[in-house]
Amino acid sequence: MSESNSVSPDSFSGFGKIVKGIKFILISYIVSLLLIVLLAALLAYTSLPEAVSAPTVSAITYFAAFLSGFLTARSAGGRGWMWGMLSGIGNILLLSLAGLLLYSGAPAPGRVLVTAICGGIAGAVGGILGINSKKTD
């Protein structure tokens with residue numbers, strides 16, 4: 001029998017990790033959205049002061065970077081800190097890009113850089129924990 005020219009899925013291992021990373025970033029956005037809706041409900045229906053909204057949204061943003069780093073690294077199988085950091089940075093940059101497209105006025109480049117660095121750190125920590133967590137699948 002002759003060999004076919006089909007390409008095995010294993011040959012796209014690096015590309016597959018990137019696709020999974022994007023999937024995990026989207027999952028972290030869904031979790032973030034749910035947490036922000038919960039925050040909005042708490043602000044609307046309790047006496048929680050509105051001043052807590054900005055720091056809480058920042059914490060949710062960095063939690064999302066942590067979560068995407070954790071999930072990406074857990075799936076990657078190696079170099080958890082690197083995949084986590086890249087996922088965390090990607091998370092923040094995609095969020096910044098969406099904000100740029102949806103709202104008028106560009107954010108200050110320094111603010112985006114600091115946020116991306118913090119997101120990278122959160123993602124790297126998530127990646128370190130994710131690579132060392134036990135997979136159930």
Mind running side-chain contact (heavy atoms from CB on, under 4.5 Å) on F24 and L67 for me, showing each step along the way? CA-CA 8 Å; F24 293 133; L67 181 62; over 6 Å; no
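- Across all their heavy atoms, A64 and S32 have their closest contact at CB-OG, 3.1 Å.
- Taking hydrophobic clusters as Ile, Leu, Val, Met, Phe, Trp and Tyr residues chained together by side-chain heavy-atom distances below 4.5 Å, L35 shares a cluster with F66.
- Checking side-chain atoms of Y29 against main-chain N and O of L95 turns up a donor-acceptor pair under 3.5 Å.
- Between the side chain of S75 and the main chain of L71, no donor-acceptor pair closer than 3.5 Å is present.
- Linking ILVMFWY residues whenever their side-chain heavy atoms come closer than 4.5 Å, directly or via other members, places M82 and I128 in the same cluster.
- Both V125 and I27 are members of a single hydrophobic cluster when ILVMFWY side chains are connected at heavy-atom separations under 4.5 Å.
- L97 and L93 fall into different hydrophobic clusters, where Ile, Leu, Val, Met, Phe, Trp and Tyr residues are linked whenever their side-chain heavy atoms come under 4.5 Å apart, directly or through other members.
- With S58 contributing its side chain and A54 its backbone, the two residues share a donor-acceptor pair below 3.5 Å.
- Residues I89 and A116 share a closest heavy-atom pair of CG1-O, 3.6 Å.
- Under the 4.5 Å side-chain criterion, counting only non-hydrogen atoms from C-beta, I92 is not in contact with I117.
- Going from atom OG of S96 over to atom CG of L101 covers 11.0 Å, rounded to the nearest 0.5 Å.
- Nearest heavy-atom pair across S87 and G69 is OG-N, 3.7 Å.
- Placement of L43 and L38 within a single hydrophobic cluster is found when ILVMFWY residues are connected by side-chain heavy-atom separations under 4.5 Å, directly or transitively.
- Residue A51 comes nearest to P55 through the heavy atom pair O-CD, 3.4 Å, listed as atom of the first residue, atom of the second, then distance.
- Side chain of S28 to main chain of I25: a donor-acceptor pair is present (N/O by atom type, distance under 3.5 Å, no hydrogens or angles).
- Note: W81 CH2 to L86 CG = 8.0 Å, rounded to the nearest 0.5 Å.
- Minimum heavy-atom separation, Y62 to C118: CE2-CB, 3.5 Å.
- No side-chain donor-acceptor contact under 3.5 Å links T72 to the backbone of W83.
- Here CD1 of I121 is found 10.0 Å from CE of M85. Values are rounded to the nearest 0.5 Å.
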